[in-house]
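Starting from 1, each residue takes its place in the sequence as its number. These numbers come from the heavy atoms of this one structure, side chains and all, not from hydrogens, waters or symmetry mates. Note that the structure is predicted; figures quoted are calculated from it, not measured.
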Amino acid sequence: MLTIAGYTAHPENLGHYAQAYGPALIFTSTETVKTMDKPSHYSQATVKRVTKKYQRLADQINRTRHHNDLKKQTVIYILSESFANPDRVPSVRLSSNPIPYTDEIMKQNTSGLMYSPGYGGGTANIEFEALTGLSMNNFDPSLVTPYVFLVPRVNHLPVVTDLFAHKNAIHPYESSTYDRAKVFKKFGFQTFYTLDHHNIQYTKKIDKSRYVSDQSAYDQTLKQIQSVKGGQFIQLSTMQNHMPYTKGTYAQNNYTVSANLSQNSINQIESYTQGIHYSDQALKNFVAKISKMKQHVTIVSYGDHLPGIYSGAAVSGKNTASADAKLHQTDYFIYSNFKTHGVSNTKVVSPNMFTPMLLEQLNEKVSPYYALLTEVQKSVPAAERNKFMGANGRYISKNKLSKRAKKTLSDYKMIQYDITAGKQYTLKHKKFVTLP
């Protein structure tokens with residue numbers, strides 16, 4: 001019926017959505033969205049057994065964790081728009097490495113590849129996973145954007161912001177995109193710095209780029225760090241490397257591409273590559289300033305998805321499983337400006353695994369919820385698009401997962417259903433989510 005009405009989804013902007021099709025059709029489309037399939041054995045008693053199981057696991061983990069001062073620290077999640085080295089894409093070869101500093105910091109810290117559910121888009125979903133620890137892989141395919149179709153419906157979701165007294169978000173663009181303004185308010189962010197709210201001080205752009213530079217975004221983040229005494233959480237979502245990638249955007253281009261792709265695609269890749277080089281330089285300046293701070297600061301930085309600029313067999317559906325995997329792998333790292341528990345050897349993760357990895361690196365105690373996510377991360381570190389990826393970055397079929405891994409995923413799905421579509425038995429016990 002919606003298709004007959006000429007309906008095309010625009011979940012990134014409900015304002016455009018309503019103006020184009022009218023409030024009645026929008027209401028109908030959102031009401032038809034299903035959150036999740038109900039687990040066959042879902043009940044209050046089953047949820048209680050699962051919560052007790054991970055309470056025991058949390059107690060076990062916490063016996064070897066010695067810190068419980070996360071609120072005193074500054075943690076920054078950086079969603080770096082479309083940041084992924086083109087050199088990993090099959091058939092693409094660059095004249096030189098555009099992100100040498102990123103590679104250097106990755107070698108020295110917890111790092112690897114992030115398995116992204118998106119290609120060329122889907123930013124809000126990756127951000128949602130990173131902030132909540134919930135997996136898009138568990139949701140019904142009709143739930144295309146949780147920010148729009150889930151968050152308004154539920155009273156509370158587990159969000160990393162719950163672990164901090166001060167939490168602020170920075171996005172050098174419009175606040176209405178993906179309804180972020182309302183979502184972030186519900187997530188507990190005290191201030192949301194955007195261009196339309198006119199509260200961003202640093203707004204410089206590079207040459208003919210239409211977007212605020214990463215250097216400006218980092219300068220705004222430094223200002224935010226210095227504005228709060230004590231610890232805080234900061235969510236930064238950058239814009240510099242957002243599409244389109246037009247030849248001539250930058251006054252100079254130091255990179256040439258050799259690839260079995262169309263000339264238009266090559267032109268876009270070359271412009272994009274110059275852009276991520278500027279991002280690499282901005283990151284180097286940012287970390288250099290963070291490294292000199294006395295306060296403890298940890299950065300979780302990741303690219304949300306690859307840009308949609310690669311043509312040919314790599315994206316036509318004729319690609320191999322290995323090529324498909326590489327089109328969904330971006331760069332990530334976790335850096336602290338002080339000595340931490342250690343460096344994780346997990347090389348491929350989904351964005352919903354960042355918070356349990358953060359807690360492990362900082363040697364912080366966990367709640368039962370984060371004990372569950374820790375177990376998921378160790379058993380199945382990457383799961384998106386109904387596919388599973390092993391630690392080597394290659395797909396692995398579900399039937400080849402261990403019995404323990406399958407049970408952990410079943411527990412995870414049970415808890416996620418309870419929180420997002422069930423009776424929320426889990427959240428009635430605050431100790432399940434909050435840190436001890």
Measure up the Tyr147 and Phe184 rings against each other and bin them: parallel (under 30°), tilted (30 to 60°), perpendicular (over 60°). perpendicular
Is the closest basic N to carboxylate O distance between Glu127 and Arg180 below 4.0 Å? yes
Counting only heavy atoms from other residues, nucleotides and ligands, does the tally under 6.0 Å from NZ of Lys186 exceed 12? yes
With sequence neighbours left out, what residues match His67 under side chain to side chain donor-acceptor pair (under 3.5 Å)? none
Can you list the residues that meet the salt bridge (charged side-chain N to carboxylate O under 4.0 Å, His left out) rule with Arg385, with sequence neighbours excluded? Asp324
Inter-residue atom distance Tyr211.OH - Met239.CE, 0.5 Å rounding: 5.0 Å
Residues Gln235 and Ser237: side-chain donor-acceptor under 3.5 angstrom: yes
Is a donor from one side chain sitting under 3.5 angstrom from an acceptor on the other, for Asn168 and Tyr193? no
Do the side-chain N and O atoms of Tyr119 and His328 include a donor-acceptor pair separated by under 3.5 angstrom? no
How long is the span from the OH atom in Tyr173 to the CD atom in Gln240, to the nearest 0.5 Å? 15.0 Å
Would Tyr54 and Tyr369 count as a ring-ring contact (aromatic ring centres under 6.0 Å, His included) if you check the C-alpha gap in whole Å, the side-chain angles of each, and the deciding distance to 0.1 Å? CA-CA 7 Å; Tyr54 290 98; Tyr369 179 66; 10.0 Å; no
In chain order, what residues pass the side chain to side chain contact (heavy atoms under 4.5 Å, CB included) check against Ala383, with sequence neighbours excluded? Asn137, Val380, Phe388
I'd like to check the side chain to side chain donor-acceptor pair (under 3.5 Å) partners of Thr64; sequence neighbours left out, ordered by chain and number. none
For Phe233, does the six-membered ring have the charged nitrogen or CZ of Lys167 within the cation-pi criterion, i.e. under 6.0 angstrom from the centroid and within 45° of the normal? no
All side chain to side chain donor-acceptor pair (under 3.5 Å) counterparts of Gln232, not counting sequence neighbours: Gln224
With Ser258 via side chain to side chain donor-acceptor pair (under 3.5 Å) - residues at least two apart: none
Verify the neighbour count for atom NZ of Lys406: are there more than 12 heavy atoms of other residues, nucleotides or ligands below 6.0 Å? yes
